Amino acid sequence: DDVRRRTLDFVARRWETQQLDAGMPADPVRAVRALARRPADAADTLAWLVEHGDDAEFARVAQALGRASRIVKPDVEPGWDSASAAEPAEVDLRAAVDAFTASLAGRGPGAATLPEFVAAAGALVEPIDRFFDEVLVMVDDGVARANRLGLLATIRDVAAAVIDWTALG
């Protein structure tokens, strides 16, 4: 397992170097690096990302998903307890996340292409923005904080199956 992991990491780093040496922009290359284990998917995703990276709708989705992902530490487990929800924006965001994941159901992790994912994720932008405008995530109440971080970790994990949204500047 360790040899396999190190080999795949080497391939991903080498792919990243090749793309950067070929003149591809650094942020999109780093966002796609995790896909380098499937080079054809990585190349297609990178090409789409470079071509559409300046699109307004993509920028909105990238900003919202990046914002939700950055606040959550890697060790935070996804999950959410509806009984612990205190704010309407939490409930609305969870409903949007449920609808979003249902729209991708049956495809498996990473099965949606980036254009498909971005089209579906557009429905998350307003609920994510509203959540951050109306809800204090790092509240003193440990149960509420854990619940809110678990909800954001759910978004982080679903989004990370496509690209690393935090790598986009």
Side-chain angles (χ1 to χ4, degrees), residues 1-2 4-6 8-9 12 27-38 41-42 45 49 53 55-169:
D1 286 341
D2 184 53
R4 182 178 186 278
R5 181 191 53 76
R6 288 184 315 172
L8 291 172
D9 286 346
D27 287 348
V29 169
R30 290 190 181 106
V32 174
R33 182 175 177 251
L35 299 178
R37 296 174 176 191
R38 300 183 320 263
D41 291 343
T45 302
L49 185 55
D55 292 352
E57 182 60 21
F58 176 78
R60 290 181 61 234
V61 169
Q63 181 180 17
L65 295 176
R67 186 178 187 191
S69 298
R70 279 185 201 93
I71 195 170
V72 183
K73 292 182 181 177
D75 63 341
V76 173
E77 293 292 323
W80 190 74
D81 177 14
S82 60
S84 297
E87 303 291 334
E90 287 178 78
V91 176
D92 292 347
L93 179 55
R94 181 56 195 210
V97 169
D98 287 346
F100 171 69
T101 55
S103 74
L104 300 176
R107 297 178 189 228
T113 65
L114 184 56
E116 293 168 336
F117 188 90
V118 169
L124 292 177
V125 172
E126 189 277 326
I128 289 172
D129 288 346
R130 182 170 163 238
F131 176 83
F132 281 111
D133 288 346
E134 297 178 13
V135 176
L136 179 60
V137 176
M138 304 308 273
V139 66
D140 288 336
D141 178 348
V143 172
R145 181 178 55 248
N147 201 43
R148 292 167 184 174
L149 288 171
L151 176 57
L152 294 173
T154 300
I155 296 167
R156 174 203 64 203
D157 290 357
V158 169
V162 182
I163 64 171
D164 178 0
W165 299 91
T166 65
L168 299 175

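This is a predicted model, so every value here is computed, not measured. Side-chain atoms are counted along with the backbone in the values below, which use heavy atoms only and exclude waters and symmetry mates.
The two atoms that bring Leu104 and Ala120 nearest to each other are CD2-CB, 4.4 Å, heavy atoms only. Considering every non-hydrogen atom in both Leu114 and Val162, the closest pair reads CD1-CG1, 3.5 Å. The shortest heavy-atom contact between Val139 and Arg145 is O-NH1, 2.6 Å. Contact between Leu35 and Asp41 at its shortest, heavy atoms only, is CD1-O, 4.4 Å. What you find for Asp98 and Thr101 is that their closest heavy atoms are O-OG1, 3.1 Å. Closest of all the heavy-atom pairs between Leu124 and Pro127 is O-CD, 3.2 Å.
Below 30°, between 30° and 60°, or above 60°: for Phe117 and Phe100 the angle between ring planes is above 60°, a perpendicular geometry.
Note that the OG1 atom of Thr45 and the CZ atom of Arg33 stand 15.5 Å from one another [nearest 0.5 Å]. Atoms CG and CG, from Leu152 and Asp157 in turn, are 11.0 Å apart once rounded to the nearest 0.5 Å. Interatomic distance, CD1 of Ile155 versus CD1 of Ile128, reported as 4.5 Å (0.5 Å rounding). To the nearest 0.5 Å, atom CG of residue Asp81 and atom CG of residue Leu151 are 11.5 Å apart. With rounding to the nearest 0.5 Å, the separation of CG in Asp92 from CZ in Phe131 is 11.5 Å. Expressed to the nearest 0.5 Å, how far NZ of Lys73 lies from CZ of Arg156 amounts to 12.0 Å.
Formation of a donor-acceptor pair under 3.5 Å by the Arg70 side chain with backbone atoms of Gly66 is found in this model. With Thr154 contributing its side chain and Gly150 its backbone, the two residues share a donor-acceptor pair below 3.5 Å. Distance alone, capped at 3.5 Å, places no donor-acceptor pair between the Trp80 side chain and the Arg94 backbone. Between the side chain of Arg148 and the backbone N or O of Glu90 there is no donor-acceptor pair closer than 3.5 Å.
The local environment of CG in Asp1 is sparse, with at most 12 non-hydrogen atoms from other residues, nucleotides or ligands closer than 6.0 Å. For Asp133, the CG atom counts as densely surrounded, since its 6.0 Å shell holds more than 12 non-hydrogen atoms of other residues, nucleotides or ligands. Annotation for Glu87: atom CD counts as buried by contact number, over 12 foreign heavy atoms lying within 6.0 Å.
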* **salt bridge (Lys or Arg N to Asp or Glu O under 4.0 Å) between Arg6 and Asp9, worked out** => CA-CA 5 Å; Arg6 288 184 315 172; Asp9 286 346; over 6 Å; no
* Asked: What do the steps show when you test Asp129 against Arg67 for side-chain contact (heavy atoms from CB on, under 4.5 Å), and what is the final call?
  -> CA-CA 9 Å; Asp129 288 346; Arg67 186 178 187 191; 3.9 Å; yes
* To do: In sequence, state the C-alpha distance, the side-chain angles, and the governing distance for Ile163 and Leu168, and then conclude on side-chain contact (heavy atoms from CB on, under 4.5 Å).
  => CA-CA 10 Å; Ile163 64 171; Leu168 299 175; 4.0 Å; yes
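Using a 4.5 Å heavy-atom cutoff, the side chains of Met138 and Leu149 are in contact.
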